[in-house]
There are 2 protein chains.
Amino acid sequence: MTRTHVFVTDGEPIRSNWREAFPQAQLGHAGATSCEAIIVWVLLPYTGDITPLIRQWQRMACDAPVVALSDEPRDEEGMVALRAGVSGYCNGYASPAVLQQVAETVLQGGVWLGQSLLQKLVATTAQNLPKPAVASSDWALSLTEREVMVARAVASGASNKEIADQLNITERTVKAHLTAAFEKLKVRDRLQLTLLVNGITELKAPS
Amino acid sequence: MTRTHVFVTDGEPIRSNWREAFPQAQLGHAGATSCEAIIVWVLLPYTGDITPLIRQWQRMACDAPVVALSDEPRDEEGMVALRAGVSGYCNGYASPAVLQQVAETVLQGGVWLGQSLLQKLVATTAQNLPKPAVASSDWALSLTEREVMVARAVASGASNKEIADQLNITERTVKAHLTAAFEKLKVRDRLQLTLLVNGITELKAPS
DNA sequence: AAAACCATTGTACTGAAGTACAACCCGGGA
DNA sequence: TCCCGGGTTGTACTTCAGTACAATGGTTTT
């Protein structure tokens with residue numbers, strides 16, 4: 001079998017736009033144990049977990065790049081596909097030109113994404129990455145050692161009683177530390193404290 | 001002025017690899033007020049905030065795609081550039097072939113990134129946000145539309161009263177939705193719901 | 001039409017969270 | 001020595017969250 005483009009579908013034949021982009025395109029067989037492909041194009045099914053599907057074809061294709069095709073591209077689905085390790089995520093009805101474009105990018109070691117998905121990736125990462133790194137010590141700065149311990153426990157979902165047992169102190173003392181932390185961090189309750197500690201929200205007034 | 005590739009540098013002339021990739025390439029003038037370009041390639045300065053620079057050329061080029069070129073590509077710099085809205089981020093000394101590759105991708109509405117940067121994006125996002133972005137449908141799957149709305153509000157730190165006002169319903173109704181959500185998601189209170197919605201913890205038993 | 005699900009709301013209750021106003025102990029610095 | 005800050009705890013109180021036990025009306029499915 002020559003190394004060529006392999007399209008994996010759920011029974012569907014090769015579409016005309018795929019064929020047009022890659023005349024030698026072949027259909028992947030679900031039952032196959034190995035696959036010699038330049039690129040594996042996986043048409044995502046509408047339902048079910050796509051991660052195993054992608055992983056499976058990655059293995060079978062000996063780590064050849066896998067591109068996910070979706071007839072209803074959604075950012076969420078794209079995220080899942082990326083986590084599974086695809087090298088690209090694009091519309092199943094993309095034009096032959098775009099498909100060839102994707103192929104070139106992927107073969108050069110790049111990753112092909114739509115604008116929307118990428119922006120979401122960047123936005124969310126940009127929001128969540130800096131906090132743990134930068135601001136993680138931020139909220140803790142104005143707190144005492146004990147207050148930080150209690151705050152961390154709260155932020156993991158523990159109740160006052162549980163924290164008390166964990167730290168071998170009274171529930172009353174836990175409340176005392178919490179009240180102090182609330183005041184210092186300008187939050188009103190344990191939930192907002194949790195958001196702060198977990199980097200979901202920002203500090204109001206930098207102490 | 002014909003629409004062509006415009007390279008923006010800090011006084012540096014057009015490099016040979018740029019010229020080779022795009023023979024009609026032109027230098028962008030910092031003082032210009034507008035610019036008719038297919039793609040604007042901005043060579044990032046070593047120091048200073050690159051965001052205004054990128055934004056400026058996006059405006060001047062009437063939202064033509066902007067690609068950032070960096071002689072010392074770093075993931076952090078790439079992140080900043082992406083947040084600023086660039087459609088690509090690659091090495092300033094990239095080969096003409098790669099540059100053309102980038103151009104094609106960008107012109108088709110794609111985004112061009114190096115493997116490293118993209119992987120970091122995905123990795124960090126997958127760690128920090130897999131829940132909000134990916135599993136967002138996860139926890140939300142078993143909930144009704146209304147329950148999801150309330151859950152999201154709770155997860156942002158709102159009180160029952162605030163949510164009630166926000167949704168124009170009674171506090172009692174908010175409690176009803178919450179109770180249902182707790183039951184379905186196997187959590188005991190709003191704080192653990194928050195952790196789930198914000199992707200800090202995992203779903204216990206997929207319903 | 002009956003069943004099932006959803007959204008909505010009510011009253012009343014329990015319990016946890018959070019605050020007010022304290023007190024005590026301990027170690028370090030003025 | 002006295003003061004101060006941190007850690008600890010107590011009692012009493014208010015407020016909010018959450019549950020129990022309901023009911024009503026609308027929509028969809030059977």
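Residue numbering restarts at 1 for every chain, and letters A, B, ... go by the order of the sequence lines.
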Taking only the side-chain nitrogens and oxygens of [X], find out if one of them lies under 4.0 Å from OP1 or OP2 of [N].
X: B/N160; N: D/dA17; result: yes
X: A/T144; N: D/dG5; result: no
X: A/H177; N: D/dT8; result: yes
X: B/S159; N: D/dC16; result: no

Look for any protein N or O under 3.5 Å of an N or O in nucleotides 11-13 of chain D and output each such pair with its distance, or none.
from, atom 1, to, atom 2, distance (Å)
D/dT11, O4, A/R172, NE, 3.0

Using a heavy-atom cut-off of under 4.0 Å over every strand shown, decide if [X] touches base, sugar-phosphate, or nothing.
X: B/T173; value: base
X: B/E183; value: nothing
X: B/T179; value: base

Checklist entry - Does anything in residues 162-169 of chain B reach DNA chain C, meaning a heavy atom under 4.0 Å, and if so which residues? => result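 Going residue by residue through residues 162-169 of chain B, the ones with a heavy atom under 4.0 Å of DNA chain C turn out to be B/I169.
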Checklist entry - Through what angle, rounded to 10 degrees, does the axis of the helix from C/dA1-D/dT30 to C/dA30-D/dT1 turn between its ends, using five pairs per end? => result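 Axis-to-axis angle, ends of the helix: 30°.
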Next on the checklist: B/D71: which residues meet the side chain to side chain contact (heavy atoms under 4.5 Å, CB included) condition with it, sequence neighbours left out?
Outcome noted: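 Side chain to side chain contact (heavy atoms under 4.5 Å, CB included) check on B/D71 returns B/R15, B/L43, B/Y46, B/Y93.
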Item to check | Residue list, side chain to side chain contact (heavy atoms under 4.5 Å, CB included) with B/S159, at least two apart or on another chain | outcome: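 B/S159 satisfies side chain to side chain contact (heavy atoms under 4.5 Å, CB included) with A/R188, B/K161, B/E162 once adjacent residues are dropped.
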Next on the checklist: Using modelled atom types and a 3.5 Å cut-off, is there a donor and acceptor pairing between side-chain atoms of A/E147 and backbone atoms of A/T144?
Outcome noted: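 At least one qualifying donor-acceptor pair exists.
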Next on the checklist: For nucleotides 23-30 of chain D, give me one character per nucleotide, 5' to 3': B if any protein heavy atom sits under 4.0 Å from the base, S if the only such contacts are to the sugar-phosphate, - if neither.
Outcome noted: --------
